[in-house]
Amino acid sequence: MTTPAVSSQTGSNHRWRFYRVGGLDLVRIETAEDLLNLDQLDQKLWTALACPVKGLEFDEKTLALIDTDGDGRVRAPEVVAAVKWAGSALTDPALLIKGGESLPVAALKDPALVATVREILAGLGKSDSATVSLADVGNTAAIFAATKFNGDGVVTAESAGSDATTASLVGEIVATQGGATDRSGKPGVDAGKLGAFYGELAAFDAWTKQAEADKAGILPLGDATGAGLAALEAVRTKIDDFFGRCRLAAFDARAIAALNRQESEFLELAAKDLSVTADEISNFPLARVEASKALPLVEGVNPAWVAAVDAFRTAVVAPLFGADKTSLTESEWAQLKGKFTAYKAWSGSKAGASVASLGIERVRAILAGDGRAKIDALIVEDLKLAPQFTGIATVEKLLRFNRDLVRLLHNFVAFTDFYSPDKLAVFQAGTLYLDSRSCELVVRVADGGKHAAMAGLSKAYLAYCNCTRPATGETMEIAAAFTNGDSDHLMVGRNGIFYDRKGRDWDATITKVIDNPISIRQAFWAPYKKFVRMLEEQAAKRAAAAEAASDAKMANAASATANADKAAKPEPKKFDVGTIAALGVAVSGIVAVLTAIIGGILGLTWWQIPLAVIGVLLAISGPSMIIAALKLRQRNLGPILDANGWAVNGRVKINIPFGTSLTDIAHLPAGAQRTLDDPFGEKKTPWGLYLFLLALVAAAVWVRWDHNKKGGYYFWQEKPAAEVPAVPGVPAEGEAPAAVAPAS
């Protein structure tokens with residue numbers, strides 16, 4: 001990949017416009033000037049620098065045309081090149097901003113493209129049309145259905161016209177070599193297929209001539225040599241085994257009984273219903289084993305092998321040794337095997353196998369004819385139209401860029417569609433409905449385990465789901481971001497429904513979750529929910545332990561009752577003084593703590609009590625809320641897309657307000673009516689009244705306590721100044737000081 005020709009600064013005179021959304025500055029691409037100056041936009045300001053060709057809600061063929069190096073990824077320089085090319089191919093680049101499925105023919109700059117378009121429209125019967133659409137050029141089969149030549153270098157049987165011999169030869173080439181697909185959609189022959197076919201013909205002819213030159217050595221049975229070799233190979237192992245056993249019997253006669261199988265084995269077989277094809281019989285020797293014995297071919301052959309031996313005698317022994325040959329010595333067997341050695345070597349070197357089905361006579365007839373020259377001439381004639389018809393691909397490319405290029409820029413250079421309230425980005429696969437919520441930030445993943453390793457850095461709550469469509473057997477894996485609500489009921493195994501961008505519904509099952517905070521509200525209640533869960537778990541454990549202890553006591557009681565006359569009288573259980581003391585200390589400590597807390601609160605003035613309660617709540621929930629707020633501020637789309645092969649350049653934040661819009665919680669529709677009378681609802685407890693009475697009692701206690709503390713005065717009364725006893729020599733309040741007597 002070459003270095004992109006994009007300056008590190010916005011070095012052109014073009015005035016770029018940006019807008020801020022979700023804490024990110026996005027460039028506006030709204031005019032032809034924006035497109036033509038895209039190469040001057042600093043790539044540090046691009047939201048993404050690369051994306052995969054596959055797996056997006058975008059036309060893969062368009063992305064493949066942009067991916068000029070064919071590596072399966074679209075990169076920033078390739079996007080710039082596509083924009084430059086499309087802009088230069090049109091008389092008015094502003095048409096790219098408008099987009100659409102069609103273009104005016106007059107908007108094409110290149111006269112050759114105009115001629116190609118006119119040819120296409122004429123072939124479709126639309127010669128008077130002023131516009132050309134993607135549908136016009138997309139169906140090449142319809143365009144070329146009635147043409148003999150179309151410039152692709154592939155000729156079909158129809159290309160031969162009235163020459164039936166050449167048309168038949170084209171069919172034989174397609175049948176033996178496979179067809180090259182013509183632009184009309186029909187199978188045909190190109191230069192490569194033609195050369196391969198005649199190469200196979202020549203090789204098969206030369207290979208056949210080898211056998212013809214040494215017919216006696218290579219074909220001892222003539223045309224039946226192949227069938228004879230097959231009959232010989234069918235019994236080769238069994239005959240080799242027979243002569244091996246005979247050699248061993250000649251070595252030591254004591255082995256004969258064992259070589260012919262024990263009598264006990266025959267007794268076992270005699271007790272069964274036998275057939276000549278039974279496996280037990282086929283495993284026995286081919287004939288009775290004796291020292292240096294010849295193999296019988298008619299009488300005395302193992303019943304399971306009679307048919308195979310008879311076929312061998314008819315196909316091989318009789319033609320070579322005579323029809324009256326009824327036995328075969330070991331040397332004759334070796335001679336027979338040797339006669340097929342040359343044939344096996346020759347057949348193993350077979351060439352031109354693909355045309356062997358034509359037969360040697362047809363092969364030599366084709367080689368002697370002028371069919372190759374005629375097909376070569378047809379291919380040359382077809383290629384003369386290549387420049388004209390190659391332009392169809394160029395027109396299709398231009399129409400695709402006109403339709404898709406700006407949309408790609410809005411999902412690549414800037415994530416405009418992602419932050420738009422009425423559009424979905426190309427990486428958003430659809431909507432997941434689960435747990436009374438709908439999630440729009442859903443991406444396809446190839447491997448949830450590998451994806452999660454990177455996507456976990458996004459600080460978002462992610463649920464990985466396996467999606468299936470039982471009707472079609474299709475499967476898919478997705479990752480959905482939950483950005484609103486709570487995670488209390490999100491767990492592995494929960495089921496939902498996923499709707500893809502085509503509106504098809506899939507069964508979705510959670511297989512993995514990446515736990516992160518979803519909202520501040522969830523973080524506030526998290527400590528209390530955790531405390532309640534701990535209490536529930538402890539209560540469940542104690543209940544289980546109590547049930548087990550109760551069962552044990554019942555079992556012991558039953559056992560004691562049954563053995564009352566045998567059991568000794570149990571000693572009275574003694575009290576554990578240490579345990580009682582420890583329990584007393586624990587209870588005293590708890591009471592002291594509660595007394596200190598209640599006393600501290602009651603010691604405050606009336607307006608300080610709510611502040612104290614709020615302070616206690618913040619002390620409990622504050623750390624959880626702070627951690628959640630920090631993580632929610634760090635939520636980033638980048639790792640989720642990077643795990644799918646993107647190269648996200650900017651920090652695509654998912655802040656709290658924007659995240660709330662990505663996950664919608666169930667609400668009753670506007671104007672809906674709801675009846676609150678529930679015939680199966682639980683009976684309501686007047687908790688409001690209880691709390692009100694409790695508050696009154698608490699207020700009365702506090703007022704009484706404050707009254708006693710102030711010496712018999714309530715908090716709304718002012719306490720008078722305390723009377724102070726008179727002190728000799730000190731004037732009372734309001735009196736003048738006494739005169740000082742003169743000194744004597």
Side-chain angles (χ1 to χ4, degrees), residues 16-35 38 41 45-52 55-59 62-63 66 74 76 79 82-83 94-101 401-433 437-444 458 460 462 478-484 498-503 632-633 635-642 644 646-665 667:
W16 293 100
R17 295 176 300 161
F18 291 82
Y19 68 102
R20 193 161 185 83
V21 57
L24 185 67
D25 289 325
L26 300 181
V27 64
R28 292 184 182 273
I29 301 177
E30 298 174 336
T31 66
E33 289 73 20
D34 294 334
L35 292 176
L38 187 61
L41 178 63
L45 300 175
W46 290 39
T47 307
L49 297 176
C51 75
L56 303 179
E57 298 299 325
F58 199 87
D59 195 315
T62 301
L63 292 175
I66 299 173
V74 172
V79 173
V83 171
L95 291 171
L96 295 174
I97 296 295
K98 182 180 178 181
E101 294 277 343
F401 283 7
N402 178 70
R403 183 192 65 181
D404 299 332
L405 203 52
V406 171
R407 179 167 173 252
L408 176 64
L409 298 181
H410 287 167
N411 290 272
F412 193 98
V413 179
F415 277 7
T416 306
D417 286 357
F418 179 58
Y419 286 105
S420 176
D422 57 349
K423 295 181 180 179
L424 292 178
V426 297
F427 49 78
Q428 291 177 266
T431 305
L432 174 67
Y433 286 81
R437 278 172 281 186
S438 61
C439 302
E440 290 187 352
L441 182 49
V442 181
V443 299
R444 295 174 184 260
S458 66
L462 298 177
I478 60 173
F482 284 81
T483 55
N484 196 4
F498 172 67
Y499 292 92
D500 61 20
R501 295 282 288 271
K502 297 178 181 178
L632 290 174
R633 287 176 59 86
R635 282 192 307 197
N636 184 7
L637 178 65
I640 298 176
L641 296 184
D642 286 343
N644 268 355
W646 284 71
V648 177
N649 189 37
R651 296 181 181 178
V652 187
K653 296 181 180 179
I654 307 175
N655 59 19
I656 296 176
F658 180 57
T660 303
S661 70
L662 293 175
T663 300
D664 192 17
I665 299 178
H667 297 287

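Side-chain N or O atoms of Asp417 include none that pairs as donor or acceptor with a backbone N or O of His410 at under 3.5 Å. Side-chain N or O atoms of Asn411 include one that pairs as donor or acceptor with a backbone N or O of Arg407 at under 3.5 Å. Side-chain N or O atoms of Asn402 include one that pairs as donor or acceptor with a backbone N or O of Gly100 at under 3.5 Å. A distance-only check finds a donor-acceptor pair linking the side chain of Asp34 to the backbone of Thr31 [under 3.5 Å]. Checking side-chain atoms of Gln428 against main-chain N and O of Val443 turns up no donor-acceptor pair under 3.5 Å. Side-chain N or O atoms of Ser420 include none that pairs as donor or acceptor with a backbone N or O of Thr416 at under 3.5 Å. At distances below 3.5 Å, not a single donor-acceptor pair connects side-chain atoms of Ser458 with backbone N or O atoms of Arg635.
Using a 4.5 Å cut-off on side-chain heavy atoms (C-beta onward), Thr47 and Asn649 make no contact. The shortest distance between side-chain heavy atoms of Val442 and Thr431 does not fall below 4.5 Å. Two residues are said to be in side-chain contact when any heavy atoms from C-beta on lie closer than 4.5 Å; Arg403 and Asp59 meet this criterion. Leu63 is listed as a side-chain neighbour of Leu56, based on a closest heavy-atom distance under 4.5 Å. The shortest side-chain heavy-atom distance between Tyr19 and Asp25 does not fall under the 4.5 Å cut-off. Ile654 places a side-chain heavy atom less than 4.5 Å from the side chain of Leu637. By the 4.5 Å heavy-atom criterion applied to side chains, Leu45 and Phe18 are counted as neighbours.
With sequence neighbours left out, the ring pair (Phe, Tyr, Trp, His ring centres under 6.0 Å) criterion links Phe412 to no other residue. Listed by chain and residue number, nothing satisfies the ring pair (Phe, Tyr, Trp, His ring centres under 6.0 Å) test with Phe482 (two or more places apart in sequence, or in another chain).
Note that the CZ atom of Arg444 and the CD1 atom of Ile478 stand 9.0 Å from one another [nearest 0.5 Å]. Put simply, OG1 on Thr663 and CG on Leu432 are 9.5 Å apart, with the number rounded to the nearest 0.5 Å. Taken from CG in Leu26 to CZ in Phe415, the straight-line distance is 9.5 Å, to the nearest 0.5 Å. Atom-to-atom distance recorded for Leu409:CG and Glu30:CD is 12.5 Å, nearest 0.5 angstrom. With rounding to the nearest 0.5 angstrom, the CG atom of Leu24 is 9.5 Å from the CG atom of Asn636. With rounding to the nearest 0.5 Å, the separation of CD1 in Ile29 from CG in Leu38 is 5.5 Å.
Aromatic ring centres of Phe58 and Phe427: separated by at least 6.0 Å.
The two residues Cys439 and Ala480 come nearest to each other via the heavy atoms CB-CB, 4.5 Å. Across all non-hydrogen atoms, the minimal contact from Ala82 to Phe401 is CB-CE2, 3.7 Å.
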(message) One pair to check against side chain to side chain donor-acceptor pair (under 3.5 Å): Thr62 and Asp404. What are the steps and the verdict?
(response) CA-CA 7 Å; Thr62 301; Asp404 299 332; 2.7 Å; yes
(request) Evaluate side chain to side chain contact (heavy atoms under 4.5 Å, CB included) for Phe418 paired with Leu441, printing each intermediate quantity in order. (result) CA-CA 9 Å; Phe418 179 58; Leu441 182 49; 3.9 Å; yes
(request) Let me see the working for Ile66 and Leu408 under side chain to side chain contact (heavy atoms under 4.5 Å, CB included), right down to the final yes or no. (result) CA-CA 11 Å; Ile66 299 173; Leu408 176 64; 3.5 Å; yes
(request) Determine, step by step, whether Val27 and Trp46 satisfy the side chain to side chain contact (heavy atoms under 4.5 Å, CB included) criterion, reporting the C-alpha distance in whole Å, the side-chain angles of both residues, the deciding distance to 0.1 Å, and the verdict. (result) CA-CA 8 Å; Val27 64; Trp46 290 39; over 6 Å; no
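By the 6.0 Å contact criterion, CZ on Arg501 is enclosed, its count of non-hydrogen atoms from other residues, nucleotides or ligands being greater than 12.
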